[in-house]
There are 2 protein chains.
Amino acid sequence: MINEPPDVATCRVDELTPDVDEPLTVGQVAALTGLSTHTLRWYERVGLLEGVARDGSGHRRYTEVDLRRLVLLMRLRATGMPVSEMLRYAELLRADTPTELQRMQLLEAHRDRVLNHIADLHRDLDVINSKITGYRRALSPAVPA
Amino acid sequence: MINEPPDVATCRVDELTPDVDEPLTVGQVAALTGLSTHTLRWYERVGLLEGVARDGSGHRRYTEVDLRRLVLLMRLRATGMPVSEMLRYAELLRADTPTELQRMQLLEAHRDRVLNHIADLHRDLDVINSKITGYRRALSPAVPA
DNA sequence: GTGCCCCTTAGAGTGCACTCGAAGTCAAGG
DNA sequence: CCTTGACTTCGAGTGCACTCTAAGGGGCAC
């Protein structure tokens, strides 16, 4: 894995998604998700989140369906999926033939990669923890805790 | 977390480290660790792994001590520590005052961040898994597995 | 009407962590 | 002697995922 996902500080979308009735502006979605308005527009530009409606002034109006798609995209990014593969998923979503099977397989393959990655992290933590233990031992007179 | 660590395909260093007696060339270390020779030289250039000796021809000779430092650096990178923070650790290593406490605290803070990150990954996987389950349900006549 | 603020687009810029290239050195093999 | 291949340094280039800028529009408060 070459890229690491963004650290989205505040994401209230999980709690707030269900009660959103009116379509939201890009700024409201940004506040809700923790993504920047720049990133939201960029996601649309590159094809990750297509079909966001516009109001009479040409401003984006995000529907609940858009938000749901966005939340999944954020979870995929947060688990390290590269944008190029998220794009493949997005393309499957807007295909005119049924693609549920491919989409499921894409998500399953990703889930398995993430699980392997977590296992790797635990192994790496073992090394780091043993180093910490060594320091604690060396400092034991000074640091009894 | 903004960056994700490299996917080091083959790292035999864990098994082979103990039996290395002779200092190794950069190419041998690259083969052993899975890092590229470019990356190994770059780590030294930026100050991550200082003090690698040279032979009569000016070629690097990595000792077992160098390898041990390198393995820890690789684990830190693999768990998402940015190079800038690895550099802080390296600077503590070559300080002329005792820095064991700071080093331990740095590693502990990192370990805690990684544990939080793993917890986040599990939560993200829950969302992805529920999406997978939805697909599986929708496909259940076609995909009995 | 005039700030003001949020919005629009498309293109350019940024930061990170490598990754590569050019030019040169050195030791061994044929 | 000449080639080959692994090594040296240092500066430049790459890919990813944003992030920012410039130039402009819409609508509301004062």
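Throughout, a chain's letter reflects where its sequence line sits, starting with A, and its residues are numbered from 1. Heavy-atom basis, side chains included; hydrogens, waters and symmetry copies ignored.
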Open item on the list: Please report the distance, rounded to the nearest Å, between CG in B:L40 and P in C:dC20.
Closed with: 14 Å

Please table the atom pairs, donor to acceptor, closer than 3.5 Å between any side-chain atom in residues 81-92 of chain A and protein atoms at least two apart or in another chain.
unit_1	atom_1	unit_2	atom_2	d
A:E85	OE1	A:R113	NH2	3.0
A:E85	OE2	A:R113	NH2	3.0
A:Y89	OH	B:Y135	OH	2.7

TODO: Report the residue (A:T39 or B:W42) whose heavy-atom-nearest nucleotide on DNA chain D is the more 5′ of the two.
DONE: B:W42

Task: Rounded interatomic separation in angstrom, taking CG from A:L87 and C1' from D:dA17 - done: 13 Å

Task: Between D:dA6 (C1') and B:L24 (CG): distance, integer Å - done: 15 Å

Open item on the list: Between P on D:dC16 and CD on A:E85, what's the gap in Å once rounded to a whole number?
Closed with: 13 Å

Task: Nucleotide D:dA17, atom P - distance to CE of A:M81 in whole Å - done: 11 Å

Task: Backbone of A:L35 reached by a side-chain donor or acceptor of A:T33 within 3.5 Å - done: yes

Task: side-chain hydrogen bond (donor to acceptor under 3.5 Å, both in side chains) against B:R123, all qualifying residues, sequence neighbours excluded - done: B:D120

Task: Heavy-atom donor-acceptor pair, A:T99 side chain to A:Q102 backbone, under 3.5 Å - done: no

TODO: Can you sort out the partners of A:R137 under side-chain hydrogen bond (donor to acceptor under 3.5 Å, both in side chains), two or more places apart, ordered by chain and number?
DONE: none

Open item on the list: Categorize B:T37 for me: base, sugar-phosphate, or nothing, with a 4.0 angstrom heavy-atom threshold over every strand shown.
Closed with: nothing

TODO: Could you state the atom-to-atom distance from CZ of B:R77 to C1' of C:dC16 in whole Å?
DONE: 9 Å

Task: Whole angstrom value for the distance that separates P of D:dA6 from CG of B:D55 - done: 16 Å

Open item on the list: Expressed as a whole number of angstroms, how long is the span from A:L35:CG to D:dA17:P?
Closed with: 14 Å

- [ ] May I ask you to say what A:S36 touches in the nucleic acid, namely base, sugar-phosphate or nothing, with a heavy-atom cut-off under 4.0 Å?
- [x] nothing

TODO: State which residues pass side-chain hydrogen bond (donor to acceptor under 3.5 Å, both in side chains) with B:R61; sequence neighbours excluded, sorted by chain then number.
DONE: none

TODO: Not counting sequence neighbours, which residues clear salt bridge (Lys or Arg N to Asp or Glu O under 4.0 Å) with A:R41? List them please.
DONE: none

Check the interface with nucleotides 8-10 of chain C: list each N/O to N/O pair with the protein under 3.5 Å, or write none.
unit_1	atom_1	unit_2	atom_2	d
C:dT8	OP1	A:R60	N	2.6
C:dT8	OP1	A:R60	NH1	2.9
C:dT8	OP2	A:R41	NE	2.8
C:dT8	OP2	A:R41	NH2	3.3
C:dT8	OP2	A:R60	NH1	3.3
C:dT8	O5'	A:R60	NH1	3.4
C:dT9	OP1	A:R54	NH1	2.7
C:dT9	OP2	A:R60	NH1	2.8
C:dT9	OP2	A:R60	NH2	2.6

Task: Side-chain N,O (A:Y43) to OP1/OP2 (D:dA17) below 4.0 Å - done: no

